[in-house]
Amino acid sequence: MNKNELLEGPILSSLLKLAVPIMIANLLQAAYQLVDAFWVGRLGGDAVAAVSVSTPVIFLMIALGTGLAIAGSILIAQYFGAGQQEMVNHVAAQTLLMVVTASIILSIIGYCLSPYFLYLLKVTPQVYTNALGFMRIAFIGLVFSFSFMIFQSVMRGVGRVTLPVYIVLGTVILNFALDPLFIFGWNFIPAMGVKGAALATLSTQSLAIIIGFAILFRGKHGIHLQLKDFKPDYKHIRKAFKIGFPSSIEQSMRAIGLTAITFLIVHFGTTTVASYGAGSNLIQLIMIPALGLSMAIATLVGQNIGAGNILRAGKIAKLGAYLGFGLLTGIGLIAYAFAPHFIAFFVPNEPAVIEGGTTFLRITCLSWGFLGLQMCLLGVFRAVGNTTLPMILTLVSQWVLQFPLAYILSHNTSLGKIGIWWAFPVSTVITALVTLAIYAKGDWKKKRLTGKTNKLIDKVESEIVKEGFEITK
């Protein structure tokens, strides 16, 4: 895909050409966990528990890196759209420098504090040793996983979203081959158990970032890094951090919010926890197309904002939001119709869990369209560098609406556990409508990060204020 297609081509095809590879890459990233779970599961329950207790802590750290990667993608998209290639290269290098530095600091902190994390999680002695080894290797790997996040965000910012897919596909296949070698041992390779799974992932991720750096330094895909670009520019590092930090908080609060809901669910017994676990697996899957669309919209809107194509940016936002709402509504209707079958895929031969998971899924799935709408509009806000608003909306959704509502409905009404399920669609719909109202106000169209002016902005200013969703009609 070339620059002209993003700035001048058909909007729908541009969105899909960006969104589909991003979705595939996200699915393949999720495959890392599935591959590890497949092989670790052959070691027994204690091994599975060791990975399970480590995952929330590691995911929280990765969420911090995700936010910083978003900052790089936003800045690069706007500078690329503005045709400022030197700034594209400079921002890419400075973002890499910032994130690698942050990942090294987080790795050291995480490695040293791993025993304390496991103590707080009340890990049993049988699980502790394996969990500690897995967690520490995973923390060492943060440098590589954070760096590859930035590589993906850089490629996304310039519209080259297909290349990372091939790299991730290759590393997932390699990870599937290395897992049994490192876990069970073979010839001169010792059996390392759970630690072997973490080491296999670290090995493949380090290979992925070596390939990524080679691509960035060769300069044939819209980015050409040179060593001089890595000289610290604290002005741009501060700018990127200011944009990325709210996104890091947003991603972290999503993770912590789900953990808090789990504490409420535990009160209602193992069957309810299992029902929620099976249903939430499906929600994580449907988030992948929503995130793919959101990222694609952020790239397209960002590049067009940078180029001064404000009217086109508004059309991209509008079409993307319609697409997100329609796609996830359709998926929600399918999920409603086949809910028992989807739940049974995760927990076969467990009638009580299938029944409970079906109830949870059918209560929540019809609101997925509003989730898609919200995610797509948040992509628009991020495209112009406003990452604080998505953070605030997430905090409101998780902590002002969802968690209090789940607690009140489950503890102070006759709904019981069903009250927790109803908190999901209610908070989703309200947050989506608030997001829509803020979008319709149109203030996002007036913000740019590149400092570039364009006569088109003045020419269409009166017209674009009327663009968007006319919710009052």
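Counting begins at 1 with the first residue of the sequence. Because only heavy atoms are used, hydrogens play no part in the values below, and waters and symmetry mates are left out as well, while side chains stay in.
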Which heavy atom of Ile237 sits nearest to which heavy atom of Leu97, and what is that distance? CD1-CD2, 4.2 Å

Quick check: are there more than 12 heavy atoms from other residues, nucleotides or ligands sitting under 6.0 Å from CZ of Phe217? yes

What is the distance from atom CG of Leu207 to atom CD of Gln205, rounded to the nearest 0.5 Å? 11.0 Å

Whether the side chain of Ser252 engages the backbone of Ser248 through a donor-acceptor N/O pair (distance < 3.5 Å, no angle test) should be reported. yes

Do Leu389 and Asn386 have side-chain heavy atoms sitting under 4.5 Å apart? yes

Side chain to side chain, Phe139 and Leu106, heavy atoms closer than 4.5 Å: no

How long is the span from the CG atom in Leu18 to the CE atom in Met23, to the nearest 0.5 Å? 10.5 Å

So side chain to side chain donor-acceptor pair (under 3.5 Å) across residues 161-171, not counting sequence neighbours, yields Tyr32-Thr171

Which pair of heavy atoms, one from Ser397 and one from Ser427, lies closest together, and at what distance? O-CB, 4.0 Å

Side chain to side chain contact (heavy atoms under 4.5 Å, CB included) evaluation trace for Ile265 with Ile420: CA-CA 8 Å; Ile265 295 170; Ile420 300 177; 4.0 Å; yes

Over all heavy atoms of both residues, which pair between Ala321 and Leu377 is shortest? Give the atoms and the distance, please. CB-CD2, 3.8 Å

Determine whether Trp421 and Ile418 make a side-chain contact, defined as any pair of heavy atoms from C-beta on separated by less than 4.5 Å. yes

Chi angles and distances behind the ring-ring contact (aromatic ring centres under 6.0 Å, His included) call for Phe424, Phe360: CA-CA 10 Å; Phe424 284 84; Phe360 168 62; 5.6 Å; yes

Nearest heavy-atom contact between Cys376 and Ile297 is CB-CD1, 3.5 Å

Give a yes or no on whether the backbone of Ser203 and the side-chain of Ser206 come within a donor-acceptor separation of less than 3.5 Å. yes

For Gln303 and Gly157, indicate whether the former's side chain and the latter's backbone hold a donor-acceptor pair under 3.5 Å. yes

May I have the step-by-step check of side chain to side chain contact (heavy atoms under 4.5 Å, CB included) for Val158 and Thr299, ending in yes or no? CA-CA 8 Å; Val158 297; Thr299 299; over 6 Å; no

Under 4.5 Å between any side-chain heavy atoms of Leu401 and Thr431, yes or no? yes

Taking the side chain from Ser153 and the backbone from Ile150, do they hold a donor-acceptor pair closer than 3.5 Å? yes

Any chance you could lay out the side chain to side chain contact (heavy atoms under 4.5 Å, CB included) test for Ile286 and Leu371, step after step, and finish with the verdict? CA-CA 10 Å; Ile286 68 100; Leu371 179 63; 3.9 Å; yes

Please determine which of Arg312, Gln78, Lys315 meets the side chain to side chain donor-acceptor pair (under 3.5 Å) test together with Asn304. Arg312

If I compare all heavy atoms of Ile22 with all of Arg156, which pair ends up nearest, and what's the gap? CD1-CD, 3.5 Å

Short side-chain to backbone donor-acceptor contact, Ser103 and Val100, under 3.5 Å: yes

Can a donor-acceptor pair be found, under 3.5 Å and without considering hydrogens, that links the side chain of Gln94 to the backbone of Asp233? yes

When rounded to the nearest 0.5 Å, the distance separating CG of Leu393 from OG1 of Thr388 is 11.0 Å

Got Leu96 and Leu225 here, is their nearest side-chain heavy-atom distance under 4.5 Å? yes

Approximate separation, where rounding is to 0.5 Å, of Leu319 CG and Leu293 CG: 9.5 Å

Side chains of Leu323 and Leu12, heavy atoms from C-beta outward: is any pair under 4.5 Å? yes

Please find the pair of heavy atoms, one from Gln85 and one from Ile223, that lie closest to each other, and give the distance. NE2-CA, 4.2 Å

How long is the gap from CG on Asp179 to CG on Leu174, to the nearest 0.5 Å? 9.5 Å

Has Thr394 got a side-chain atom pairing as donor or acceptor with Glu250's backbone, closer than 3.5 angstrom? no

Mark yes or no for whether Thr387, through its side chain, and Ile243, through its backbone, hold a donor-acceptor pair below 3.5 Å. yes

Measure the shortest side-chain to side-chain distance between Leu202 and Phe144 over non-hydrogen atoms and say whether it is less than 4.5 angstrom. yes

Is there a side-chain contact between Ile215 and Ile167 in this structure, where contact means two heavy atoms from C-beta onward sitting under 4.5 Å apart? yes

Once ring pair (Phe, Tyr, Trp, His ring centres under 6.0 Å) is applied, do any residues pair with Phe325, and if so which ones, sequence neighbours excluded? Phe370

Evaluate Met295 against Arg382 for side chain to side chain contact (heavy atoms under 4.5 Å, CB included), listing each step before the verdict. CA-CA 9 Å; Met295 292 177 178; Arg382 293 191 188 101; over 6 Å; no

How about CZ on Phe213, more than 12 heavy atoms from neighbouring residues, nucleotides or ligands closer than 6.0 Å, or not? yes

Between Phe241 and Phe245, what is the ring plane arrangement, given parallel below 30°, perpendicular above 60°, and tilted in between? parallel

Distance-only, no hydrogens or angles: does the Ser13 side chain make a donor-acceptor pair with backbone N or O of Pro10 under 3.5 Å? yes

Within a radius of less than 6.0 Å around CH2 of Trp399, do more than 12 heavy atoms belonging to other residues, nucleotides or ligands occur? yes

Rounded at 0.5 Å granularity, tell me how far CE in Met87 sits from CG in Asp229. 10.0 Å

